[in-house]
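Some notes on the structure that comes next.
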Amino acid sequence: MAIEVAEVATPRLSLADTDINWDRLDKTRFHVIGAILFTVQSALIHPTAVVKTRMQVAGSGISQLNGLSVFRHIIRANGIPGIFRGFGTSAIGSLPGRVLALTSLEVSKDMTLKYTQGLNMPEATRIGIANGVAGMVSNLLSCAYFVPLDVVIQRLMVQGLPGTRSFKGPLDVVRKVRKAEGFRGMYRGFGLTAITQTPASALWWGAYGAAQHFIWRGLGYRDDLEKKPSHVEMVAVQATAGTLAGACSSLITTPIDTVKTRLQVIDDYGVGRPSVMKTAKALLKEDGWRGFYRGFGPRFLNMSIYGTTMIVTYELIKRLSVKQA
């Protein structure tokens, strides 16, 4: 009796449930559940994004403080609403973008796995390539939607700092940016984002897919064995792979993210439209090469937490969205 109770309390899943492909998903349930859970997940890590963004944009006063000190400074100056600046716009505005990103991610991964089936390569490499291609395609398509949204959100996060404007809300940001720079002002940093974040996304998803495959095999799991992982084991492995992928990504992309963030929100770089070179030179002049790693601590924390919570949430959404037999 005790053994039966234990088995009911800790149900075990097939190893196939660790990588659920697009054709096994109920698409409506997938997007509805995804919208709810990803909004909750975004709320948990939004304060770290606010701290990171302010450290990257602010003058030497705030930029020399560590992440915890900046967090305390925001709380003292603006209270709890201060660390959630831009969240409402982010939560609502991200919904259509997530549908685009998740659909393109799963479809492109499924297609790549089918096209590479039968090729003479290790399975971990094949899975890593499929995940990497999916991350690249998804990022390229979603950049067109998320870059303007980022411009709005980041300006709301940093308003009041030197070199930035004040806004009454997201629509006011759009109105003022378009009045000052036209439609292209909403796409500040688009080229830099697409060129740099697309390889970073491919790296993240590729590393995650390969890492998860290696971990499962290292633990003795195979597709053709009856040994099945429990829910706890599944979450632990996926969280570990997500943390590793997020940590690697933050280390590589922080300098580019710092330049992109400042390019999108600072308006006083002298005559002419802000550019990547002007932004990089100003940053180099202020803090030297270490300036490119402004906000690295909060970004590292943000990406690591994001990598862990995002992938655990994402894999949970997929398991909850499997078509019923």
Side-chain angles (χ1 to χ4, degrees), residues 11-39 41 94-146 198 201-217 219 221-231 233-235 237-239 241-242 245 307 309-325:
R12 292 183 172 270
L13 306 173
S14 166
L15 193 57
D17 288 319
T18 66
D19 191 15
I20 301 168
N21 292 327
W22 182 246
D23 56 358
R24 295 176 58 196
L25 296 175
D26 180 320
K27 311 306 186 292
T28 301
R29 190 188 309 169
F30 176 66
H31 289 303
V32 171
I33 296 175
I36 296 171
L37 294 186
F38 273 128
T39 299
Q41 182 247 353
S94 294
L95 293 177
R98 285 205 186 101
V99 173
L100 173 64
L102 296 180
T103 301
S104 59
L105 178 74
E106 287 299 323
V107 170
S108 55
K109 183 177 78 170
D110 196 47
M111 290 177 63
T112 306
L113 284 171
K114 289 177 181 177
Y115 282 123
T116 56
Q117 192 170 18
L119 295 181
N120 185 24
M121 66 173 66
E123 188 66 11
T125 301
R126 178 169 167 264
I127 292 173
I129 290 174
N131 277 271
V133 169
M136 180 179 66
V137 172
S138 176
N139 189 79
L140 275 173
L141 293 177
S142 59
C143 266
Y145 181 87
F146 279 109
T198 297
S201 180
L203 171 66
W204 195 101
W205 283 99
Y208 169 73
Q212 185 181 193
H213 181 85
F214 277 123
I215 293 172
W216 283 126
R217 269 56 188 177
L219 293 174
Y221 289 98
R222 300 288 189 277
D223 292 327
D224 56 350
L225 296 180
E226 293 185 1
K227 183 180 180 183
K228 297 180 180 181
S230 66
H231 282 289
E233 288 174 310
M234 190 174 291
V235 170
V237 169
Q238 291 169 344
T309 59
M310 184 278 289
I311 203 62
V312 170
T313 302
Y314 184 58
E315 298 288 6
L316 173 61
I317 291 167
K318 290 172 69 175
R319 289 198 294 275
L320 293 174
S321 303
V322 173
K323 293 176 181 176
Q324 302 300 316

What pair of heavy atoms forms the shortest contact from M136 to A202, and how long is it?
CB-CB, 4.0 Å

Between OG on residue S321 and NZ on residue K27, distance to nearest 0.5 Å
10.0 Å

Testing N139, V99, L141 one by one against S104 for a side chain to side chain contact (heavy atoms under 4.5 Å, CB included), which residue passes?
L141

I'd like to check the side chain to side chain donor-acceptor pair (under 3.5 Å) partners of K114; sequence neighbours left out, ordered by chain and number.
D110

Filter on salt bridge (charged side-chain N to carboxylate O under 4.0 Å, His left out), then keep only pairs touching residues 128-144, sequence neighbours left out; what's left?
none

Spacing of OG1 belonging to T198 relative to CG belonging to L203, to within rounding of 0.5 Å:
12.5 Å

So do the side chains of F30 and I20 get within less than 4.5 Å of each other, counting heavy atoms only?
no

Heavy atoms of W216 and E233 approach each other most closely as CH2-O, 3.8 Å

Rounded to the nearest 0.5 Å, how far apart are CD of Q212 and CE of M234?
8.5 Å

So which heavy atom on K318 is nearest to which on K109, and how close?
NZ-NZ, 3.5 Å

Could you check whether any side-chain heavy atom of W204 comes within less than 4.5 Å of a side-chain heavy atom of I311, counting everything from C-beta outward?
yes

Please give me the minimum heavy-atom distance between T39 and R98, naming the atom from each residue.
OG1-NH1, 3.9 Å

Donor-acceptor pair, S138 side chain versus A134 backbone, under 3.5 Å?
no

Is the shortest side-chain heavy-atom distance between Q117 and R126 below 4.5 Å?
yes

I'd like to know if the side chain of T313 and the backbone of F38 have a donor-acceptor N/O pair within less than 3.5 Å.
no

Is the shortest heavy-atom distance from the side chain of T103 to the side chain of H31 under 4.5 Å?
yes

Please round to the nearest 0.5 Å and tell me the distance separating atom CD1 of I127 and atom OH of Y208.
11.0 Å

Return the set of residues passing ring pair (Phe, Tyr, Trp, His ring centres under 6.0 Å) with Y145 (not counting sequence neighbours), or none when no residue passes.
none

CG of L119 to OG1 of T125, rounded to nearest 0.5 Å, is 11.5 Å

For the residue pair S108 and T112, what are the closest heavy atoms and their distance?
O-OG1, 2.8 Å

List the atom of T309, the atom of Q41, and the distance in Å for their closest heavy-atom pair.
OG1-NE2, 3.0 Å

To the closest 0.5 Å, what do you measure between CE (M310) and CD (Q238)?
11.0 Å

